[in-house]
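See below for the structure under consideration.
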Amino acid sequence: MSDEKSLNFIEEIISQDLATGKHKSILTRFPPEPNGYLHIGHAKSICLNFGLAETFGGATNLRFDDTNPVTEDTEYVESIKADLKWLGFNWIKECYASDYFDQLYAFAVQLIEKGLAYVDDSSAEAIAQQKGTPTQPGTGNAFRERSIQENLTLFAEMKAGKYNDGEKVLRAKIDLASPNMHMRDPLLYRIKKAHHHRTGDQWCIYPMYDFAHGQSDSIENITHSICTLEFIPHRALYDWCIEQLGIFPSHQYEFARLNMTYTVMSKRKLLQLVQEGHVQSWDDPRMPTISGMRRRGYTAESIRDFCDRIGIAKRENIIDFSLLEFCVREHLNKIAQRRMVVTDPIKLVITNYEQAEEILDSENNPEDPNGGTRPVPFSKELWIQADDFMEVPTKKYFRLGPGLSVRLKSAYIIECESFDKDAEGKVTTVYAKYFPNSKSGSDTSGIHVKGTLHWVSAKHAIPVELNEYDRLFNVEDPSSAEGDFKSYINPHSLHTVTTAWGEPALLNDPLDARFQFLRKGYFYQDTNSTKDKLVFNRTVTLKDTWAKEQKK
RNA sequence: UGCCUGAUGGUGUAACGGUAGCACAACUGUUUUUGGUGCAGUUUGUCUUGGUUCGAAUCCAGGUCAGGCAACCA
């Protein structure tokens, strides 16, 4: 570890554990509950857990924390695995907490035998009340004093299905006066006569998180069990279970979860967005889900780079969305194929161009010396952007206007001569002459222009549809803003451009190609795109210093 | 009134008693056949009050602020 890069606090703990011989090698785990789709916050945890194993020569288990049958489903198991693979991570073992149900049951029996657990017949409300408050100790009840034998019998009956949901629970017997609420006789098992996606109807009692997670870690010999800050108060219980059971001492460490500006990260809120139709699906490109980002065109590399850059610490944070965008642009700039697409088109007629057409070459990627070129047809009538022409140009406007000259990318320098307007005063056609000796690559004209425009030959153009995305919320922190977070949804987060013209090369490009549409942004073909109707999602815009200049 | 975390520029994150650094953002300039990219630069920071020390972001004590802690969820 001679890197200049400093270690985060978990890496420091691990390198010490390795140095002191506490562990010969490390084993981490990523433990999602299969009740929803993975999002960028999970990606942080994934990159941490798998990254740690990579850095220190260990391995990582994928473990589904499936102890609540009513919320979980195999659909989620599959999507989680797909997202993980797409991100580029490989787990050494695929595990399920439900694989340990027998073992966990035996652990509970052990605790009862040691007089450390009891069956409680109280209602949920009664138990909550008896727990006291953070400032007041809890009070016991008579069930707490049941004999070991009685508890054993009752617990076996719970397992056998003798009781209904909510009739009885198994609780640990710890300390009702503990300043840590989680130690006030926490629930270990509850009755749920529900179908489990893996164990079916084999069980009707299910372990709670606190009785399943640490023991699962221990069973798998996880050395470093890493979770988020809200589990800090659970650690005492995690340790208590392991100690009382005398099993492999896994340890829990906590880091701060990811928050990002202009988005929400809780599963509950994301679910609302989908169910109430604010977005179209879990993989809507505006969602912070892994599948949404994938569909939008973010690369796995850029997401991993992002997770690397945000760091790991214990303080609450809210990361600028622009950092994610930076990571995406940085990667895409290196790999994206350059293409020309005109949105909001107006006609440009080259008055002195007499050939039927000619084929020009344009570089696929100026950042890649081996990127090669593609043929681009040029002709007398072209499409250009409406905002690349101004009837009365402002200062520092480097585009087209009466008498102004620009270069057409990979083609010729032109000079604007005149223009037509329609009845409403909207410019419809621009007329310009071209300089035949200014052809790209063999320019002998000696003319210097400040602007270069992208264009598409009208008779060769293919129609494309573009989905332009903006941030989903119009405030930085919708979750802590006053009122309902949904009232801060940006109504313009999706703008669909139905009449755009693309260059013909697009027809032959592979489905999963990454594009930069010159001067517009990075684009990626949508899952609903077809050969007959090409649909592209805007992954991210280009940085636009001209737009900033205009705002001044 | 309790317990647990934490506090370094706008946002993240380093500095492990000895020069407060890096990245993003913002802003300049420069290069450019993308107002992209690249390159160079600028601005902005140790929550507070005491103490220990030659020397404190770092150690100690008090305070302040922020977040968390009670679900038959994870």
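Chain A is the first sequence line, chain B the second, and so forth, proteins listed ahead of strands; every chain is numbered from 1.
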Does this structure show an ion pair linking [X] with [Y], if we count only N-O contacts that are shorter than 4.0 Å?
| X | Y | result |
| --- | --- | --- |
| A:Arg198 | A:Glu72 | no |
| A:Lys439 | A:Glu358 | yes |
| A:Lys193 | A:Asp165 | no |
| A:Glu330 | A:Arg309 | yes |

Using ring centroids (six-membered ring only for Trp), state whether A:Phe523 and A:Phe536 fall under 6.0 Å.
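Ring-ring flag for A:Phe536/A:Phe523: false, centres at least 6.0 Å apart.
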[N] OP1/OP2 closer than 4.0 Å to side-chain N/O of [X]:
| X | N | result |
| --- | --- | --- |
| A:Thr67 | B:A74 | yes |
| A:Arg171 | B:C72 | no |
| A:Lys314 | B:C4 | no |

Which nucleotide in the set B:C27, B:U34, B:C69 lies at the smallest distance from any side-chain heavy atom of A:Lys548?
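It is B:C27.
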Between B:G36, B:G12, B:G67, which nucleotide has the shortest distance from any of its atoms to the side chain of A:Glu316?
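Of the candidates, B:G67 comes closest.
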Taking the six-membered ring of A:Tyr262 as reference, does the NZ or CZ atom of A:Arg471 fall below 6.0 Å from its centre and within a 45° cone about the axis?
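Yes, A:Arg471 sits over the ring of A:Tyr262.
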Under the 6.0 Å and 45° cation-pi test, does A:Arg190 pair with A:Tyr206?
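No.
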Please classify the nucleic acid contact of [X] as base, sugar-phosphate, or nothing, using heavy-atom distances under 4.0 Å.
| X | result |
| --- | --- |
| A:Lys409 | base |
| A:Ser362 | nothing |
| A:Arg329 | nothing |
| A:Gln516 | base |
| A:Ala313 | sugar-phosphate |
| A:Pro31 | nothing |
| A:Lys192 | sugar-phosphate |
| A:Gly451 | nothing |
| A:Asp320 | base |
| A:Thr133 | base |
| A:Phe326 | sugar-phosphate |
| A:Ser410 | base |

Pair of N/O donor and acceptor under 3.5 Å linking [N] base with [X] side chain:
| X | N | value |
| --- | --- | --- |
| A:Arg315 | B:U5 | no |
| A:Arg407 | B:U33 | yes |
| A:Arg399 | B:G35 | yes |
| A:Glu367 | B:G36 | yes |

In this structure, how many angstroms lie between the P atom of B:G12 and the CG atom of A:Asp305, rounded?
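So the CG-P distance, A:Asp305 to B:G12, works out to 18 Å.
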Whole Å only: how far is the CZ atom of A:Arg268 from the P atom of B:A74?
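One finds 17 Å between P of B:A74 and CZ of A:Arg268, rounded.
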B:U53 versus B:U58 - spacing of their P atoms, nearest Å:
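B:U53 and B:U58 have their P atoms separated by 16 Å.
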For RNA chain B, list all stems, counting runs of three or more consecutive pairs where every pair is Watson-Crick or G-U wobble with both distances under 3.5 Å.
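As far as RNA chain B goes, consecutive pairing (with distances under 3.5 Å) yields the stems B:2-7 with B:64-69, B:10-13 with B:21-24, B:26-30 with B:38-42, B:47-51 with B:59-63.
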